[in-house]
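Residue numbering restarts at 1 for every chain, and letters A, B, ... go by the order of the sequence lines. The structure presented is a predicted model; accordingly, all values stated were derived computationally and were not measured.
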Amino acid sequence: MPLSIAAWNVNSINARLPTALEVLKEIDADVVCLQELKCEDAKFPRSEIEDLGYNIETHGQKTYNGVAILSKHRIEDVTRGLPGMEDDPQSRWMEAVIAAPDAPFRVASLYAPNGNPVGTEKYDYKLRFMDALIAHAKARLALEEPYVIAGDYNIIPRDVDCHSVAAWADDALFLPESKNRYRALSHLGFTDAYMQVDGAPHVYTFWDYQAGAWNKNNGIRIDHLMCSPQAADRLDRVRIHRDARGKEKPSDHVPIIGVFR
DNA sequence: ATGTCGTGCTGCGCACGA
């Protein structure tokens, strides 16, 4: 029985709840990792999302950040906060085991730091967070489990993952130090699901609200599903739900969905 | 060069983050 796993930066679950419910119905994934909830756990719209058939675990925060894992299967072994970043007050990481019918599947919902402006504490924090993620991911690989780190990495991996290299050249999302963190995950043995099954250039998951970026297709690919070997071996296809960006009151990100055999 | 969102309070306009 296939298992579909989605990542979606919703940019406030409450500001666009009707649109978000519509998008969730359209993608109809078994597991959805949400980012940028921008609400505390008590303000998460539980009943509306439970009505779509989901179990819900959240790691919320007022105003900023916040991640969740939704699953049509039972959710087990939930952990909140990235190991190695115990003093970090920002809610950017949670993990759980999905009790899928065939075999358990571990998922993480990630909202990596943006890191701009470069040369400030924000950029240092981005790199420090990514280093902790790499160390944790390495430890997870030793378990030899199907495991997906799903979310907003705030890293543009390749030149062709943006519309214009010149526009992003000095941005925290594009600098070599950032790309090297993504590459370090690859070198450990993680596979970018999109790269495994497609990899076509100029396919994006984010379009800024500003300057008509959506109409000009001036986007970037920063939302990724990084798969352990045991997950990558089962990966069948990937879909980027581009239509979500054209809706009323859209998030600036669209969902990416991986289907695992 | 600018552009737009969402949040919350120093609160009905602003600062901040993206």
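The distance between the ring centers of A:Y182 and A:Y153 does not fall below 6.0 angstrom. For an aromatic pair to be called close, the ring centres must be under 6.0 Å apart, and A:W8 with A:H241 fails this.
Rounded to whole Å, the distance from CG on A:N215 to P on B:dT4 is 13 Å. Atom CD of A:Q61 is separated from atom P of B:dG8 by 11 Å (rounded to the nearest Å). For the pair A:L17 CG and B:dG6 P, the interatomic distance rounds to 13 Å; values are reported in whole Å.
Partners of A:R16 by salt bridge (Lys or Arg N to Asp or Glu O under 4.0 Å), not counting sequence neighbours: none found. Applying the salt bridge (Lys or Arg N to Asp or Glu O under 4.0 Å) test to A:D88 and every residue at least two apart in sequence or in another chain returns nothing.
No side-chain N or O of A:E248 forms a donor-acceptor pair with one of A:T19 less than 3.5 Å apart. Checking A:E95 against A:Y147 by side-chain atom types alone, a donor-acceptor pair falls below 3.5 Å.
Applying the 4.0 Å criterion to OP1 and OP2 of B:dT7, one finds that A:S12 has a side-chain N or O inside that range. Distances shown here put a side-chain N or O of A:R16 below 4.0 Å from the OP1 or OP2 atom of B:dG6.
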Open item on the list: Walk along nucleotides 11-18 of chain B from 5' to 3' and tag each nucleotide B, S or - by protein heavy-atom contact under 4.0 Å, base first, then sugar-phosphate.
Closed with: -----BSS
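B:dT7 sits 14 Å from B:dC12 when the C1' atoms are compared, rounded to a whole Å. For the P atoms, the distance from B:dT10 to B:dC16 is 13 Å, rounded to whole Å. The same atom, P, is picked in B:dG6 and in B:dA1; the two are 26 Å apart, to the nearest Å. Taking atom P on both B:dG13 and B:dT2, the two are 24 Å apart, rounded to the nearest angstrom.
Across all strands, A:K43 comes closer than 4.0 Å to no nucleic acid atom at all (heavy-atom distances).
For the atom pair A:I69 CD1 and A:E57 CD, the distance stands at 8.0 Å (nearest 0.5 Å).
Between A:I13 and A:K216, it is A:K216 whose nearest contact on DNA chain B lies nearer the 5' terminus.
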